Amino acid sequence: FHPVILLQVENVKLLDRYANRKAATGTLYLTATHLIYVDASAEVRKETWILHHHISSVEKLPLTTAGYPLLIHCKNFHVAHFVIGQERDCHDVFTSLLKLSQPVKPEELYAFSYNPKMSKENREMGWKLIDLKLDYQRMGIPNDYWEITDINKDYEVCSTYPPEIVVPRAAAKAVVMGSSRFRSRGRIPVLSYFYKENNAALCRCSQPLAGFSARCLEDEQMLQAIREANPGSPFMYVVDTRPKLNAMANRAAGKGYENEDNYENIRFKFIGIENIHVMRSSLQKLLEVCEMKSPSMSDFLTGLENSGWLRHIKAVMDAGVFLAKAVREERASVLVHCSDGWDRTAQVCSLAGLLLDPFYRTFKGFMVLIEKEWIAMGHKFSHRCGHLDGDPKEVSPVFTQFVECVWQLMQQFPCSFEFNERFLLEIHDHVYSCQFGNFLGTCHKEREELRIFEKTHSLWPFLLQRKQELRNPLYRGFTAYKELQPNTLPFSFQFWCGMYNRFDKGMHPKQCVLDQLLSCMSQKVTLEDNASELENKLPFLDGPLPSEGCSSPEAGPAAAKAPTPPQDRGEGAAPVLSNGPSLGQQKHKESPAQPRDLGASTGDGQAQHQ
Amino acid sequence: MEFAELIKTPRADNVVLHRPFHPAVEGTLCLTGHHLIFSSRRHDNAEELWLLHSNIDSIEKRFVGSLGTVVIKCKDLRIIQLDIPGMEECLNIASSIEALSTLDSVTLMYPFFYRPMFEVLEDGWSSFLLEQEFELLSSVTNEWRLSCVNKEFSVCPSYPPVVIVPKCIDDEALRKVALFRHGGRFPVLSYYHKKNGMAMMRSSQPLTGTNGRRCKEDEKLINATLRSGRRGFVIDTRPLNVAQQARAKGGGFEQEVHYPQWRRIHKYIERFNILQESFIKLVEACNDQSHNMDRWLSKLEASNWLTHIKELLTAACLAAQCIDREGASVLVHGSEGTDSTLQVTSLAQIILDPRCRTIRGFEALVVREWLQAGHPFQQRCAQSAYSNSKQKWEAPVFLLFLECVWQIHRQFPCSFEFNEQFLILLFEHAYASQFGTFLGNNENERAKLKLPQKTMSLWSWVNRPEELSRFQNPLYEANSLVIWPSVAPQSLQLWEGVFLRWNRPSKFLEEAEEERINIIKYNKELQAKVNALRRQLAEMETNEEVQERP
């Protein structure tokens, strides 16, 4: 890997957030895609890689005795504080980074130049890995009540929906078209998840253009068709995930929410999840708390409370739990919307799916879930993640919140997910990295126009290839847990240090249980191979093993029995991709040769006397 | 006194037991001298609940018509509710429980009546003798000696009969130093850092008073731990102003003029009722069932519990750092030297000494630094978080220590031989137990109560192989290094295993622990199998060679 170096600055210091540690000194390089810092002062070569697309802000701070400080904040919550000797160099780096980190045209995005040297066939196969039709088939669709239709193939119904959508069979084309005129941006009610045990369906849409009194017969028929597609329940829920006040304010703009009088047998309910602007500022406050220098416990907890972040996470989780319960326990279909139905609606529908269906807790299923509820249904990744230089008010951590909700579930149900925390962080990184085509653009139509499928790679096969390190060793398999019913009392939610202080290694546990267990899993394979190989060499060995042959006393009697292996619940081998690249490059890298010095790593508040 | 006098209604039928996350069960309630026993009559799932009266922290009763309800709050923080039909029965039962759970004589406590159903393999009362510690110490240094100056508990009533002191200080000098230290707690060895020969000592405050009294023997004693030309650190667990105020009451601190080789650091650690209130507030927050995140976080913050944890860990790191990084000897004390002092010295040893992270070593630490060192368990653990009594001497000092160990354990999950359950076990037994280990306030009282003769030791029970296996950490790999925990707020968590134990379903977390154990156990078995096969193959090959030889 020989990147073209655009800029090179020597004698750059990288400050550690922990004041008591000596700053590193080294060289800073800018390439077309990365900022690379090589620490020359360390005994072993240590590199820090920052992808330009990950940079959310670059600030020049006031001059200090050490030089000209440059503070870089990243979208994956990496914070790098450089100090550069010369003002001129600092300015050069600053202006270069501003330009490099804020591409204007989509073609400038990394995905269009990223070349993992993969054959065309493999690249195309990668895009076919996730097939949403198969997921609908898995749910039993098409069936008597629901059909997959290509009514949107020319984006006539809705420009931000995919060409193929799932609607009730009973809804005629006229009903669909009529309903689309009554829904904000034509985002009509479509199926998100079908719970085949009881025929209850989870559907999603945008707000109705109801204003104060408008109604639409076709829209009413559409809801009726959804309700009647679940003959087991006399009613259906219509859930507006906005706070009531926000929804009411929308009425003045000719939008709003469903009038219960106009729709037959609906139960209307508000779930107050705040809008993207509130969430953006909440995250901002949370990050300020995370970045505080040696905060007291009280500073931290007060800051955490004032940020409101966990309150919002809980609101999203509560909504997901409500939907799952309505479907599972009340056997009622639910129609969910917010304003446009692409932020809060995506969060709660995907969460409800995850709670209801163990498939979505597997590697493949989680990919399907993201493709289905987020990518296909037009969550505006490009705007929410600020991929291109654009309106900062469109940026919001909606997807981050979803990822966090999944993590919170993992804390409560440690054996129910096939993947581990790193898989979530990896996906979160790539939502911002623009290295793969999946998350570019705002909707399917736009991705077609950008020719994503011809010009870029899909993320998923690359992640599947790394299954061994991204798996959850505690996973008990697909059938162990069906629905999840999480506890949503406030104390069940934890601060996610691994996300928001992910790069502050000193704060994390110094020994990693996950690593230990993963290495056990790989050892297991070797040991099993060894054992069977040895057994083959001893053809007449059928009886019990000699008991004195066991190394550890407690393993003695156990070894005499054939040990029963913990089930390997892998889904089968990942599709083999020839010469797949290592994806670890864009991130913080440490030389593998570095010894793990447990005694030397100290934390932030590490006691220090003057 | 006969317990029967206190039990007005020994048995009630058709009682309904309510517990969080369990369906209500109907059954029979029985009261005995030491237990509340509830047994359900359902044949399919016969269930019994045995609760020690001494585990009951508070009891509330209320009536709806003639149906009485008794809410029992336990020292292990569990809350159960019993619906008892009949007003009189209910009142009788409630008052009996109240009387039986607040017996004021130690000799009436359950440990004096408990008859073990297991075979004692090793008497826990003599498992951890200071003489054995000293033997280990003697193998690395000869600068210390065992002193029996306190064998009649006459020099210091809260010290054990034998203590370890610098070799060059004779018993006569110790007697003089004892007069100069609060409660006679003269400086003794707490920990010897083999790596660099530095020592950690602990004591109580010096009695300098307002006119700056000094004691040559005291100065000589602590100077004896210094290497020539090196300085030591006195870690005073009080803030400077409190230490200064203590002089008015005859206490004080080591002044620079008389201790020129020592540098004093004041590292404040909260004590007594402040801690108890913090404990009460935290438990109250954890039991709040409202769905309000802001309220939870603000209550958690207002309880200050995690602040105490952070401060305590910081102080322990400080002591450990002085010893390991600065290569200096350390003397730790507060006022009495029976609470914050012991928290700091014992946690510093967890950080510094790999032996303290083994099961046996941790037990030895608890015995040495808490029981023998005279932490007044009986006073401190008389009541838990549901008490209304607000006695000055009640405080969760030991629980804070255990939680700090848990916090370090969480950051170094592979460096401890024991698991979280072991820490929870010690918490439970410190507050209510069938064993005599945590009875009394010091060795002197324990000797007078003849606890070793009359009661069973917790260690006799817990160190039996079948019990030990429940407390082993499957991930343990001996780690000989010093382990420095992070004390950043982001690195510290609420100890769910204690504080949320009864407030959330535990099934999924237990299953995860089971998986962890299985994965590691399977690998070990597999390794053993491979080794055995290899050996067998090798043997076969040698045999063949032998046979081939003519």
Side-chain angles (χ1 to χ4, degrees), chain A residues 295-298 300-302 304-305 310-311 314 412-415 473-474 476 487 489-492 494-495 497 501 506-507 509-511 513 516-517 520 523-524 527-528 530-531 534-535 537-538 541 545-546 549-552 555 558-559 563 565-566 598-599 601-607 609, chain B residues 265 286 289 291-294 296-298 300-301 306-307 310 314-315 317-318 321 410-415 475 479 481-491 493-494 500 504-505 508-509 511-512 515-516 518-520 522-537 540:
Chain A
S296 72
M297 199 49 154
S298 188
F300 177 74
L301 288 174
T302 310
L304 186 61
E305 182 196 340
L310 285 176
R311 190 177 71 230
K314 175 170 153 53
Q412 286 196 40
F413 305 97
C415 309
L474 304 177
R476 283 203 164 182
N487 187 338
L489 279 167
F491 59 62
S492 319
Q494 294 170 14
F495 166 73
C497 185
N501 284 108
M507 286 181 188
K510 308 295 188 298
Q511 294 174 326
V513 174
Q516 287 285 326
L517 294 177
C520 269
Q523 256 173 36
K524 188 183 102 173
L527 284 171
E528 279 171 345
N530 283 348
L534 287 163
E535 271 168 343
K537 284 187 190 164
L538 291 165
L541 182 86
L545 294 169
C550 295
S551 54
S552 63
L598 298 163
S601 48
T602 51
D604 155 47
Q606 176 57 60
H609 53 84
Chain B
I265 305 169
C286 293
Q289 295 290 306
H291 268 273
N292 187 326
M293 181 60 81
D294 291 357
W296 157 247
L297 288 173
S298 97
L300 180 63
E301 189 273 323
L306 287 170
T307 300
K310 181 168 158 44
T314 308
C317 286
L318 174 70
Q321 210 170 25
R410 211 185 67 79
Q411 295 187 27
F412 294 89
C414 309
S415 297
L475 296 165
N479 170 7
L481 298 171
V482 175
I483 56 175
W484 298 106
S486 158
V487 297
Q490 287 97 319
S491 308
Q493 276 187 7
L494 179 69
L500 301 178
R504 52 153 202 202
F508 304 106
L509 303 179
E511 284 172 356
E515 283 298 322
R516 277 188 281 271
N518 284 343
I519 290 170
I520 290 160
Y522 177 71
N523 265 29
K524 278 188 186 157
E525 288 170 7
L526 211 52
Q527 183 70 60
K529 182 180 165 186
V530 168
N531 292 347
L533 287 169
R534 279 213 180 104
R535 202 158 313 161
Q536 205 171 7
L537 197 66
M540 261 175 51

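Quick caveat: nothing in here was measured; it's all calculated off a predicted structure. By convention in this document, chain letters (A, B, ...) are assigned in the order of the sequence lines, proteins followed by strands, and residues within each chain are numbered from 1.
In terms of modelled atom types and a separation under 3.5 Å, the side chain of R410(B) and the main chain of S491(B) share a donor-acceptor contact. Listed for the K310(B) side chain is a donor-acceptor partner under 3.5 Å among the backbone atoms of V487(B). Judged by distance alone, with hydrogens and angles left aside, the side-chain atoms of Q411(B) form a donor-acceptor pair with the main-chain N or O of S486(B) at under 3.5 Å.
Residues that satisfy the ring pair (Phe, Tyr, Trp, His ring centres under 6.0 Å) test with F508(B), not counting sequence neighbours, are F413(A), Y481(A). In this structure R504(B) satisfies the salt bridge (Lys or Arg N to Asp or Glu O under 4.0 Å) test together with E496(B), sequence neighbours excluded.
Chain B forms more heavy-atom pairs under 4.5 Å with one residue of P490(A), P509(A), C415(A) than with any other, namely P490(A). Here N523(B) is the residue among N523(B), L297(B), L306(B) with the most heavy-atom pairs under 4.5 Å with chain A. Ranked by heavy-atom pairs under 4.5 Å with chain B, the first of C497(A), P414(A), S296(A) is P414(A). Considering only heavy-atom pairs separated by less than 4.5 Å from chain A, the leading option among T307(B), D294(B), V530(B) is D294(B).
Interface residue F495(A): only side-chain heavy atoms are found under 4.5 Å from chain B. Proximity to chain B is limited to the backbone of Q412(A), based on heavy atoms less than 4.5 angstrom apart. Heavy atoms of Q493(B) lying under 4.5 Å from chain A belong exclusively to its side chain.
A side-chain donor-acceptor contact under 3.5 Å links Q511(A) and S415(B).
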